[in-house]
Asks: 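Supplied in structure tokens, the structure appears directly below.
Just so you know, ligand 1 is whichever comes first in the structure, and atom 1 is the first atom listed for that ligand.
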Amino acid sequence: MTLPSHVKIVEVGPRDGLQNEKIALDVASRVDLIQRLTAAGVSYIEAGSFVSPKWVPQMAGSEEVFAALPLSDQVTYAALTPNLQGLERAMACGVKEVAVFTAASERFSQKNINCSIAESIERFKPVAEQALANGLRLRGYISCVVGCPFEGAVAADKVAEVAEQLLAMGCYEISLGDTIGVGTPGSIETLLTRLLRDIPVAQLAVHCHDTYGQALANILRALQMGIAVVDSSVAGLGGCPYAGQTNNQAAPGNVASEDLVYMLDGLGIEHGIDLHKLVAAGRFICEKLNRENGSKVGSALQ
Ligand code: HMG
Ligand code: MG
């Protein structure tokens with residue numbers, strides 16, 4: 001079995017996690033969480049998003065979150081930017097890395113960002129141009145890479161087409177979102193086999209929600225196929241508020257960072273994170289939100 005010797009963990013809890021909570025957490029607590037994650041050795045954190053606060057009120061105040069974070073060469077604090085307005089907000093508070101996000105399914109794209117996939121690509125082109133011209137790094141997300149809550153199964157060819165468009169505009173990496181966690185090691189393998197025909201493995205990351213309990217198995221399959229960047233969320237927080245069949249039904253949690261770290265430790269793969277400090281960060285945020293811990297490892301080590 002060939003596995004990468006080092007995995008980069010992209011911690012999405014402060015964004016993907018908190019965007020999906022019923023209550024909007026205050027800025028000081030968001031910053032506190034991010035600082036605890038940094039202290040645990042997490043070196044890449046999606047700290048907020050500059051989307052419309054009418055669409056996602058939980059991410060309002062991302063300016064203040066970024067303003068409170070220290071400038072660092074060791075840690076990347078990234079943000080989602082759906083359009084130029086979002087990029088301008090991000091640049092105004094010194095964000096150095098942003099992500100654009102679209103989907104491989106039309107209906108999900110409409111629900112999430114209010115435009116078609118093709119329109120989203122056109123919308124992102126000036127975002128990419130300006131971001132790169134200003135020295136920012138640009139990541140790209142594709143949602144619904146194996147299944148869509150509204151359209152069902154999604155073809156790997158469609159994901160490949162969207163990925164090529166995002167790479168062509170200058171994204172250094174594509175994060176493949178199994179937004180509703182319907183993937184299995186089988187469908188993830190089919191997807192990656194198709195993508196790896198055209199895209200270098202170093203430009204792909206996986207972003208697995210754990211709705212059906214398949215996330216760790218899917219990640220392991222991706223690691224075996226050479227993927228070395230994995231998104232995860234402390235305490236398994238998260239989901240996209242626009243991924244439910246109804247407006248009140250959001251996609252359940254991401255793979256928990258604690259569970260991912262525990263698995264990587266068991267496989268002898270380096271990641272740079274202190275598991276016990278990460279578990280403490282997970283406990284902190286669960287207490288703040290008064291919710292159950294979505295990490296099995298976090299619960300086991302309490
Ligand atoms: P729209 O309504 O079509 O936008 O929304 P618009 O350009 O027509 O503007 C309408 C209003 O929104 C205007 O204000 C704009 O100023 C404002 P008004 O004149 O009515 O007062 N507006 C903004 N305000 C602040 N910042 C901005 C911004 N843009 C417009 N950047 C839009 C289009 C994309 C903005 C909206 O649909 C949106 O914000 N969607 C974001 C949805 C979202 O954040 N979803 C969750 C993140 S994606 C995810 O979780 C999936 C992922 O984790 C991977 C996976 O799991 O698959 C990444
Ligand atoms: Mg997500």
Asks: Could you say whether the N/O atoms of Phe50 and ligand 1 ever approach to under 3.5 Å?
Replies: yes
Asks: If you look at every heavy atom in Ser120 and Thr102, which pair is closest and at what distance?
Replies: OG-OG1, 2.7 Å
Asks: Excluding waters, which protein N, O or S atoms are within less than 2.8 Å of the Mg ion (ligand 2)?
Replies: Asp16 OD2, His207 NE2, His209 NE2
Asks: Give the residue and atom name of whichever protein heavy atom lies nearest to atom 39 (O) of ligand 1, and the separation in Å to one decimal.
Replies: Ser52 N, 2.9 Å
Asks: Can you check atom 35 (C) of ligand 1: any protein non-hydrogen atom closer than 4.0 Å?
Replies: yes
Asks: Taking Ser43 for the side chain and Gln74 for the main chain, is one N or O donor matched with an acceptor at less than 3.5 Å?
Replies: no
Asks: Side chains of Asn293 and Ser299: donor-acceptor distance under 3.5 Å anywhere?
Replies: no
Asks: Is the closest side-chain heavy-atom distance between Ile23 and Leu289 below 4.5 Å?
Replies: yes
Asks: Check each atom of ligand 1 against the heavy atoms of Gln19 and keep those under 4.0 Å away; list them by number with element.
Replies: 46 (C), 47 (C), 49 (C), 50 (O)
Asks: Counting heavy atoms only, name the option from Ile113, Leu87, Val12 that's nearest to atom 32 (C) of ligand 1.
Replies: Ile113
Asks: Report the part of Arg123 (side chain from C-beta onward, or backbone N, CA, C, O) that has a heavy atom under 4.0 Å from ligand 1; answer both or neither where that applies.
Replies: side chain
Asks: Has ligand 1 got any nitrogen or oxygen that is less than 3.5 angstrom from a nitrogen or oxygen of Gly86?
Replies: yes
Asks: Decide whether an N or O pair under 3.5 Å exists between Asp178 and ligand 1.
Replies: no
Asks: Between His271 and Ile273 (side chain of the first, backbone of the second, donor and acceptor by atom type, cut-off under 3.5 Å), is there such a pair?
Replies: yes
Asks: For atom 25 (C) of ligand 1, what's the nearest protein heavy atom and its distance?
Replies: Arg89 NH1, 3.2 Å
Asks: Could you report the tightest heavy-atom contact between Ala78 and Phe66, atom names first, then the distance?
Replies: O-CZ, 3.3 Å
Asks: Ligand 1 and Asn112, any nitrogen or oxygen pair closer than 3.5 angstrom?
Replies: yes
Asks: Are any side-chain N or O atoms of Glu119 and backbone N or O atoms of Ser116, one a donor and one an acceptor, separated by less than 3.5 Å?
Replies: yes
Asks: For atom 29 (N) of ligand 1, what's the nearest protein heavy-atom neighbour? Residue, atom name and distance, please.
Replies: Asn83 ND2, 2.8 Å
Asks: Taking the side chain as C-beta and beyond, is there a heavy-atom pair between His207 and Tyr141 under 4.5 Å?
Replies: yes
Asks: Any idea which part of Pro82 is under 4.0 Å from ligand 1, heavy-atom wise: side chain, backbone, both or neither?
Replies: side chain
Asks: Report, in ascending order of atom number, the atoms of ligand 1 lying under 4.0 Å from any heavy atom of Leu80.
Replies: 47 (C)
Asks: Heavy-atom contacts under 4.0 Å between Arg15 and ligand 1: side chain, backbone, both, or neither?
Replies: side chain
Asks: Mind checking whether Tyr242 has an N or O less than 3.5 Å away from an N or O of ligand 1?
Replies: no
Asks: Would you say atom 6 (P) of ligand 1 has a protein heavy atom nearer than 4.0 Å?
Replies: no
Asks: How close do Asp178 and Gly183 get, heavy atom to heavy atom, and via which atoms?
Replies: OD2-N, 2.7 Å
Asks: With a 4.0 Å cut-off on heavy atoms, is Met59 in contact with ligand 1?
Replies: no
Asks: How far apart are the closest heavy atoms of Ala104 and Ile117, and which atoms are they?
Replies: C-CD1, 3.8 Å
Asks: Please say whether Ser49 places an N or O atom under 3.5 Å from an N or O atom belonging to ligand 1.
Replies: no
Asks: For ligand 1, which atoms have a heavy atom of Ser143 less than 4.0 angstrom away?
Replies: 51 (C), 54 (C), 55 (C), 57 (O)
Asks: Tell me every residue that passes salt bridge (charged side-chain N to carboxylate O under 4.0 Å, His left out) with Arg291, counting only those two or more places apart in sequence or in another chain.
Replies: Glu21
Asks: Does some non-hydrogen atom of the protein lie less than 4.0 angstrom from atom 50 (O) of ligand 1?
Replies: yes
Asks: Could you tell me, atom by atom, which parts of ligand 1 come under 4.0 Å of a heavy atom of Pro53?
Replies: 24 (N), 25 (C)
Asks: Less than 4.5 Å apart, any side-chain heavy atom of Leu18 and any of Ile285?
Replies: yes
Asks: For ligand 1, note which part of Ala99 has a heavy atom under 4.0 Å away: side chain, backbone, both or neither.
Replies: neither
Asks: Heavy atom to atom 57 (O) of ligand 1, shortest distance: which of Thr102, Asn20, Thr179, Asp231 holds it?
Replies: Thr179
Asks: Just to confirm my output: which protein heavy-atom neighbour is closest to atom 22 (N) of ligand 1, and how far is it?
Replies: Gln85 OE1, 3.4 Å
Asks: Mind checking whether Cys171 and Val100 have side chains closer than 4.5 Å, heavy atoms only?
Replies: yes
Asks: Protein heavy atoms: any of them under 4.0 Å from atom 41 (C) of ligand 1?
Replies: yes
Asks: Within the 4.0 Å heavy-atom shell around Asn114, which atoms of ligand 1 are there?
Replies: 1 (P), 2 (O), 3 (O)
Asks: Does Asp16 approach ligand 1 within less than 4.0 angstrom via side chain, backbone, both or neither, non-hydrogen atoms only?
Replies: side chain
Asks: For atom 2 (O) of ligand 1, what is the nearest protein heavy atom, given as residue, atom name and distance?
Replies: Trp55 NE1, 3.5 Å
Asks: Is the backbone N or O of Leu167 less than 3.5 Å from a side-chain atom of Gln203, with the two atoms forming a donor-acceptor pair by type?
Replies: no
Asks: Could you check whether Arg107 and Gln110, counting side-chain N and O atoms only, form a donor-acceptor pair closer than 3.5 Å?
Replies: no
Asks: Output the list of atoms in ligand 1 that are nearer than 4.0 Å to some heavy atom of His207, sorted by atom number.
Replies: 53 (O), 54 (C), 55 (C), 56 (O)
Asks: Any salt bridge between Arg89 and Glu63, counting N to O under 4.0 Å?
Replies: yes
Asks: When you look at CG of Asp198, are more than 12 heavy atoms from neighbouring residues, nucleotides or ligands closer to it than 6.0 Å?
Replies: yes
Asks: Would Tyr141 count as a polar contact of ligand 1, with the cut-off being nitrogen or oxygen pairs under 3.5 Å?
Replies: no
Asks: Quick check on Ala103 - does any of its heavy atoms sit under 4.0 Å from an atom of ligand 1?
Replies: no
Asks: Check whether the ring centres of Phe150 and Tyr242 lie less than 6.0 Å apart, and answer yes or no.
Replies: no
Asks: Might you check, step by step, whether the distance between atom 11 (C) of ligand 1 and some protein heavy atom is under 4.0 Å?
Replies: no
Asks: Other residues, nucleotides and ligands only: do more than 12 of their heavy atoms fall within 6.0 Å of OH on Tyr44?
Replies: yes
Asks: Using heavy atoms and a threshold below 4.0 Å, how should the contact between Val51 and ligand 1 be classified: side chain, backbone, both, or neither?
Replies: both
Asks: Using a strict 4.0 Å cut-off to heavy atoms of Phe101, name the atoms of ligand 1 that fall inside it.
Replies: 47 (C), 48 (S)
Asks: Taking all atoms of both residues into account, what is the closest heavy-atom pair of Ser295 and Asp259, and its distance?
Replies: OG-OD1, 2.6 Å
Asks: Taking 4.0 angstrom as the limit and counting only heavy atoms of His209, give me the atoms of ligand 1 inside it, by number and element.
Replies: 56 (O)
Asks: Counting non-hydrogen protein atoms only, what is the nearest one to atom 20 (O) of ligand 1? Give residue, atom name and distance.
Replies: Lys54 NZ, 3.2 Å
Asks: Using a 6.0 Å cut-off, check whether atom NZ of Lys8 has over 12 heavy atoms from anything other than its own residue.
Replies: yes
Asks: Within 45° of the ring axis of Phe124 and under 6.0 Å from its six-membered ring centre, is that where the NZ or CZ of Arg139 lies?
Replies: no
Asks: Pairing donors with acceptors under 3.5 angstrom, does anything connect the side chains of Asp26 and Ser29?
Replies: yes
Asks: Flag yes if more than 12 heavy atoms outside Tyr262 fall under 6.0 Å of its OH atom; otherwise flag no.
Replies: no
